[in-house]
Structures are given as structure tokens and as C-alpha cells.
Amino acid sequence: MAEVAEVIEGCRLPVLRRNQDNEDEWPLAEILSVKDISGKKLFYVHYIDFNKRLDEWVTHDRLDLKKIQFPKKEVKTPTKNGLSGSRPNSPEREVKRKVEVVSPATPVLAPPETAPASIFPQNGSARRPVVVAAQPGRKRKANCLGADEDSQDSSDGIPSAPRMTGSLVSDRSHDDIITRMKNIECIELGRHRLKPWYFSPYPQELTTLPVLYLCEFCLKFVKSLKCLQRHLTKCNLRHPPGNEIYRKGTISFFEIDGRKNKSYSQNLCLLAKCFLDHKTLYYDTDPFLFYVMTEYDAKGFHIVGYFSKEKESTEDYNVACILTLPPYQRRGYGKLLIEFSYELSKVEGKTGTPEKPLSDLGLLSYRSYWSQTILEILMSLKSENGERPQITINEISEITSVKKEDVISTLQYLNLINYYKGQYILTLSEDIVEGHERAMLKRILRIDSKCLHFTPKDWSKRGKW
């Protein structure tokens with residue numbers, strides 16, 4: 001059996017962890033880092049085939065040293081000029097699979113836009129037709145964004161965070177051992193203490209602190225509770241900066257311009273990166289709008305979640321990043337954010353889709369929202385003059401502002417599409433109908449379009465940025 005001192009970065013071995021059912025299990029994990037604190041060794045592990053948010057520091061007693069796999073040494077190989085080269089003989093690091101959220105229209109789903117298709121309940125009752133008209137996807141040129149010249153306020157002894165340029169979406173090409181490890185232990189935001197899931201590029205001086213303190217209204221980060229208390233005596237904000245464009249009950253949405261409120265936008269991105277793995281933080285916030293959802297009480301408007309979107313998107317993206325903070329998850333706020341993004345698209349007269357790749361939780365939320373929204377439309381159809389009602393994919397897309405590719409992929413995901421007597425039909429089983437009705441009963445939070453006060457802007461004139 002190997003000794004603890006022999007465990008190095010790159011080793012793989014079973015590690016003890018507690019699963020959701022509160023049972024012990026020993027999944028295979030990779031050692032990403034080793035550190036020594038007061039003579040006690042700690043190991044940062046990534047559980048293979050598990051989400052990175054579960055990565056953690058563990059002690060040696062949780063390692064199964066009997067089944068350790070050491071990284072293989074580099075093998076020297078001759079090169080053309082006679083000099084020896086080296087190549088790693090160990091297996092490549094875990095390949096991160098890109099989740100395919102929507103697929104281009106398949107040939108089988110490309111009848112003429114006026115060709116009829118039917119909806120058949122499997123119990124043989126009323127039949128309602130739907131015309132399925134698909135269009136092939138179009139390739140478009142990616143945006144090229146410039147650099148941001150402003151920096152984070154460095155008062156209270158906190159240096160500025162590093163500046164980067166580009167989109168808010170990651171291509172994962174920069175992924176390395178540093179960004180694979182969580183670097184913030186704990187964040188205090190108002191009455192909540194949050195345990196980050198992923199790496200976020202806060203200043204390195206803050207990563208050694210047991211708690212990072214954030215002002216819940218301006219999101220400024222400070223290094224101690226005393227600094228936060230001093231900041232709160234000077235901070236006049238009680239809500240996110242920007243315009244309040246929606247309020248119903250205690251729920252409000254604020255629209256923040258990434259150029260006009262740069263410091264807030266950058267701080268929001270830093271906080272969000274703690275809980276988003278598939279996004280890379282860049283500091284050029286000028287081309288983006290941020291829509292922050294809040295809950296109101298006597299102390300002010302407390303941030304619940306947000307989504308960002310490009311002011312101009314050539315790919316019809318209506319969301320770049322979207323996040324519900326952990327204390328508010330599994331309470332319907334995620335779908336409310338998604339519904340609000342499509343409500344804005346309706347006012348703009350456009351169809352939209354989220355920027356890819358989505359996180360695992362984002363993918364689940366979007367699939368659920370698309371399914372419920374489309375089924376709501378299909379189940380509301382009524383027959384006229386004894387004929388089965390008809391609707392096209394284009395009409396569904398126009399009513400919901402959901403992009404046609406997402407409508408088609410959702411119908412495929414629900415396994416509703418069939419081919420019958422020369423036409424495409426959608427089969428609604430009793431299980432799907434009952435499941436949808438149960439889900440809608442639980443969906444209490446909804447956007448009321450009457451409470452939205454939003455006027456779209458023409459961002460094509462760069463001078464307005």
C-alpha cells in the first residue's frame with residue numbers, strides 16, 4: 001500500500017464522500033493539488049464524472065491508498081533532428097463534454113411550412129394537428145469585443161481584479177489547474193453565507209481569507225466585516241443601479257447598462273462566476289445589459305438572480321449568462337428569469353435563444369421552461385367546425401418568442417413527433433398531459449406583462465453605448 005507522502009498531483013484513487021442519500025461511497029477522484037497546513041496534508045480532489053461543484057479539500061483518511069493510480073512518467077521519443085523529445089504517457093485529463101442543447105433541424109423534420117401535421121392523444125380521443133416546419137440553422141460571425149479601460153475601486157486596501165477582454169462565454173481553451181480549483185472559501189452577502197462552487201478571479205489577496213464580504217446592494221467586495229460596516233455607512237444604494245422596469249408584489253427587475261454602471265456589472269460577474277462553470281469572466285461589460293431580479297423588504301431590494309444579454313446579437317441570443325443564487329434555487333425563480341427574458345423578446349418583436357453552452361442546471365431549467373410553454377400552447381388549441389386545429393412551428397415561435405430550433409428540439413426531447421399517413425403528427429399521451437398540469441399547478445411565480453415597463457433601444461448606433 002502506498003504512503004500518504006507518495007500521493008502527488010495527477011494521482012487517481014477512490015475517495016470517501018457522502019452522497020445525496022446520506023450514504024458513504026467511494027468514487028474515483030483525481031488529485032489536483034496538495035497543501036500542508038501545520039504539518040497536516042490536505043488534498044484537493046475532483047470526482048471523475050461528477051460536476052466540478054463537488055470538488056473539495058479532503059484529509060488523508062478519506063483516501064483509499066490501496067487502489068491508487070500514479071501518473072505515468074514522460075516517455076522520451078526521438079525527433080527528426082535527432083534530439084529527444086518528451087510526451088506524456090499518462091491518459092489525457094478528463095474530457096469535458098459539450099452539452100448539445102439544440103440541434104439544427106434534421107431532414108426528417110423539414111416538410112413545407114404549410115404541410116399539415118396532427119396531434120394525436122394516445123387514448124384515441126380528439127386529434128389536433130400541428131404543422132411542423134423546420135429551417136436549417138445559419139452560421140453567423142461571432143462578435144469581436146474590445147477591452148475595458150476601467151478598474152475596480154481599490155479602496156479599503158483591495159486591489160483591482162485582473163482585466164480581460166472578449167465575450168462572457170467560455171471556449172474552455174484556457175482551462176488549467178488554477179481555474180479548475182475553487183479559490184474562495186465563503187462569501188457573505190447580506191443575510192446569506194454562500195459556498196462557491198467554482199473558481200472566480202477575485203484578487204489573489206482575498207483567496208486566503210476565511211470569508212469574503214460583499215455589499216449586497218452595490219456588490220463591492222471587502223476583506224473584513226469591519227471594512228464592510230464602514231462601507232455601509234457610505235453606501236447609499238438600496239437597490240441595483242439602473243432602471244426598475246418591472247414590479248409585482250415583492251419581485252422587481254432592474255435593467256443595468258454595462259457601460260454606465262461598469263463597477264457594479266464587473267462585481268456582479270465576479271460573484272456569478274463562483275456558481276457558473278461554463279462561463280469565463282471578461283471585464284468588457286460595455287456591450288452587455290444586465291437584468292437583476294430582486295426581492296423587496298423593509299431593508300431594500302435584495303438580489304435573487306440575474307441574466308445578461310448582448311445589446312446587439314447577430315445570433316439572436318436573448319441571454320448570455322443566467323444565474324439564480326443558491327439560497328433562492330428550487331423555488332421557481334430560475335423559470336421566472338427565463339420567462340422574463342422571453343417577455344423582453346416579445347416586446348422587441350424578436351425570437352431568442354440562450355447562449356451556449358448552458359450549465360447543467362441552466363439546461364434543466366430551459367428544457368423545463370420550453371416544454372411547459374410549448375405544451376401550454378398545444379393544449380390550448382381548439383377544433384373548429386369539427387376539423388382538427390392547426391398551428392405551424394413559426395406560429396408557436398412567434399407566440400412564445402422561442403426560437404424555432406428550440407421549439408423543434410423540445411418536441412424531439414419530449415418524443416412527441418411521429419409520421420402518420422404522409423404528415424407529421426404530435427402525440428400527446430395522458431402521462432404528458434397530466435404531468436404538465438401537475439407542473440403548472442406548482443409554478444406559482446409568473447411574469448405579468450402588464451407590470452412590465454420596458455422600451456427597447458436601438459443599439460446599432462454605437463454612439464449610444
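Positions are given from 1, in the same order as the sequence printed here. Just so you know, these numbers come straight off a predicted model, no measurement behind them.
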Peer 1: Between the main-chain N or O of T392 and the side-chain N or O of E395, is there a donor-acceptor pair closer than 3.5 Å?
Peer 2: yes
Peer 1: Any ion pair linking E339 and R443 (charged N to carboxylate O, less than 4.0 Å)?
Peer 2: yes
Peer 1: Rounded to the nearest 0.5 Å, how far apart are SG of C235 and CG of L228?
Peer 2: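 It comes to 9.5 Å.
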Peer 1: To the nearest 0.5 Å, what is the distance between CG on L270 and OG on S265?
Peer 2: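 Separation between the atoms: 11.0 Å.
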Peer 1: Looking only at atom types and distance, does a side-chain atom of N19 sit under 3.5 Å from a main-chain N or O of E25, one as donor and one as acceptor?
Peer 2: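 Side chain of N19 to backbone of E25: no pair is present.
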Peer 1: Tell me if a side-chain donor or acceptor on S380 pairs with a main-chain N or O of I377 at a distance below 3.5 Å.
Peer 2: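 Looks like yes, one N/O pair under 3.5 Å.
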Peer 1: Could you give the distance from CG (L414) to OG (S409), rounded to the nearest 0.5 Å?
Peer 2: 9.5 Å
Peer 1: So, does T207 use its side chain to make a donor-acceptor pair with the main chain of Q204 at under 3.5 Å?
Peer 2: yes
Peer 1: Does the Lys NZ or Arg CZ of R367 fall within the cation-pi geometry relative to Y413 - under 6.0 Å from the ring centre and within 45° of the axis?
Peer 2: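 Because its charged atom sits under 6.0 Å from the ring centre and within 45° of the axis, R367 does stack over Y413.
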Peer 1: Tell me whether D286 is salt-bridged to K262, with the criterion being a basic N under 4.0 Å from an acidic carboxylate O.
Peer 2: yes
Peer 1: Do I396 and V402 come close enough that some side-chain heavy atom pair is under 4.5 Å?
Peer 2: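 No. Closest side-chain heavy atoms not under 4.5 Å.
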Peer 1: State, without any angle test, whether N51 and Y198 hold a side-chain donor-acceptor pair at a distance under 3.5 Å.
Peer 2: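 On atom types as modelled, these side chains qualify, holding a pair under 3.5 Å.
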Peer 1: Answer yes or no: is there an ion pair linking E185 with K195, defined by an N-O contact shorter than 4.0 Å?
Peer 2: yes
Peer 1: Please enumerate all residues that pass ring-ring contact (aromatic ring centres under 6.0 Å, His included) together with H302, with sequence neighbours excluded.
Peer 2: F217
Peer 1: Applying ring-ring contact (aromatic ring centres under 6.0 Å, His included), can you list everything that pairs with F307, at least two apart in sequence or on another chain?
Peer 2: Y291
Peer 1: Is a donor on one side and an acceptor on the other found under 3.5 Å between the side chain of S397 and the backbone of I393?
Peer 2: no
Peer 1: Counting only heavy atoms from other residues, nucleotides and ligands, does the tally under 6.0 Å from CD1 of I444 exceed 12?
Peer 2: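 No - once you tally the heavy atoms of other residues, nucleotides and ligands closer than 6.0 Å, there are 12 at most.
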Peer 1: How many angstroms lie between OH in Y202 and NZ in K273, if you round to the nearest 0.5 Å?
Peer 2: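 The OH atom of Y202 sits 11.5 Å away from the NZ atom of K273.
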Peer 1: Any idea which heavy atoms bring L445 and R331 closest together, and the distance?
Peer 2: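 Smallest interatomic distance, heavy atoms only, reads CD1-O, 3.6 Å.
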Peer 1: Knowing that exactly one of S313, S401, S345 qualifies, which makes a side-chain hydrogen bond (donor to acceptor under 3.5 Å, both in side chains) with N318?
Peer 2: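 That would be S345.
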Peer 1: Looking only at heavy atoms, which two atoms of C321 and L276 are closest? And how far apart?
Peer 2: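 What the structure gives for the nearest pair is CB-CD1, 4.3 Å.
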Peer 1: If I compare all heavy atoms of T208 with all of E205, which pair ends up nearest, and what's the gap?
Peer 2: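 What the structure gives for the nearest pair is OG1-O, 3.5 Å.
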Peer 1: Report yes if the distance between the aromatic ring centroids of Y213 and F221 is under 6.0 Å, otherwise no.
Peer 2: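 No, too far apart.
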Peer 1: To check you understand the geometry: which heavy-atom pair defines the closest contact between I187 and C274, and what is its length?
Peer 2: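 In terms of heavy atoms, the two residues are closest at CD1-SG, 3.7 Å.
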Peer 1: Looking at N261 and Y264, would you say the former's side chain and the latter's main chain have a donor-acceptor pair under 3.5 Å?
Peer 2: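 Not confirmed, N261 side chain does not pair with Y264 backbone.
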Peer 1: Return each pair, listed once, that meets side chain to side chain donor-acceptor pair (under 3.5 Å) where at least one residue sits in residues 242-252; pairs must be two or more places apart or across chains.
Peer 2: E244-R247, E244-S252, K248-D448
Peer 1: Treating Q329 as the side-chain partner and T324 as the backbone partner, does any N or O pair qualify as donor plus acceptor under 3.5 Å?
Peer 2: yes
Peer 1: Over all heavy atoms of both residues, which pair between L225 and E188 is shortest? Give the atoms and the distance, please.
Peer 2: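 Looking at all heavy atoms of both residues, the shortest contact is CD1-OE2, 4.3 Å.
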Peer 1: With a 3.5 Å distance limit and no angle check, can you tell me whether K356 reaches the backbone of P354 through a side-chain donor-acceptor pair?
Peer 2: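 At least one qualifying donor-acceptor pair exists.
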Peer 1: Taking only residues two or more places apart in sequence, or in another chain, which ones meet F254 in a ring-ring contact (aromatic ring centres under 6.0 Å, His included)?
Peer 2: H239, F301
Peer 1: For K35, check side chain to side chain contact (heavy atoms under 4.5 Å, CB included) against everything at least two apart and list the hits.
Peer 2: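 Expected list: I37, L42, W57.
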Peer 1: Does the side chain of K220 come under 3.5 Å of the side chain of N267 through a donor N or O and an acceptor N or O?
Peer 2: no
Peer 1: Measure the shortest side-chain to side-chain distance between I256 and L289 over non-hydrogen atoms and say whether it is less than 4.5 angstrom.
Peer 2: no
Peer 1: Would you sort out whether E312 and K457 count as a salt bridge (Lys or Arg N to Asp or Glu O under 4.0 Å), showing the intermediate values?
Peer 2: CA-CA 10 Å; E312 286 188 287; K457 294 181 181 178; over 6 Å; no
Peer 1: Please check if the number of heavy atoms outside K346 that lie under 6.0 Å from its NZ is greater than 12.
Peer 2: yes
Peer 1: Establish, from distance only, whether the side-chain atoms of E295 and Y328 form a donor-acceptor pair under 3.5 Å.
Peer 2: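 Short answer, no.
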Peer 1: Mind checking the CG-CZ spacing from L28 to F50? Nearest 0.5 Å is all I need.
Peer 2: 10.0 Å
Peer 1: Do NZ/NE/NH1/NH2 and the carboxylate oxygens of D316 and K403 come within less than 4.0 Å?
Peer 2: yes
Peer 1: Looking at residues at least two apart in the chain, or sitting in another chain, which of them share a side chain to side chain contact (heavy atoms under 4.5 Å, CB included) with D61?
Peer 2: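 Partners of D61 under the side chain to side chain contact (heavy atoms under 4.5 Å, CB included) test: T59.
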Peer 1: Is R62 salt-bridged to E56, going by a charged N under 4.0 Å from an acidic O?
Peer 2: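 Salt bridge: yes.
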Peer 1: CZ of R53 to OH of Y47: how many Å apart, nearest 0.5 Å?
Peer 2: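 These two atoms lie 14.5 Å from each other.
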Peer 1: Identify the heavy atoms of C215 and L232 that sit nearest to each other, and give their distance.
Peer 2: SG-CD2, 4.0 Å
Peer 1: Determine, for D24 against R18, whether the closest basic-nitrogen to carboxylate-oxygen distance falls under 4.0 angstrom.
Peer 2: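 Looking at D24 and R18, the cut-off is met.
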Peer 1: Donor-acceptor check, side chain of D297 to backbone of G300, threshold 3.5 angstrom: yes or no?
Peer 2: yes
Peer 1: Are more than 12 heavy atoms, taken from residues, nucleotides or ligands other than K41, located less than 6.0 Å from that residue's NZ atom?
Peer 2: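 Result for NZ/K41: enclosed.
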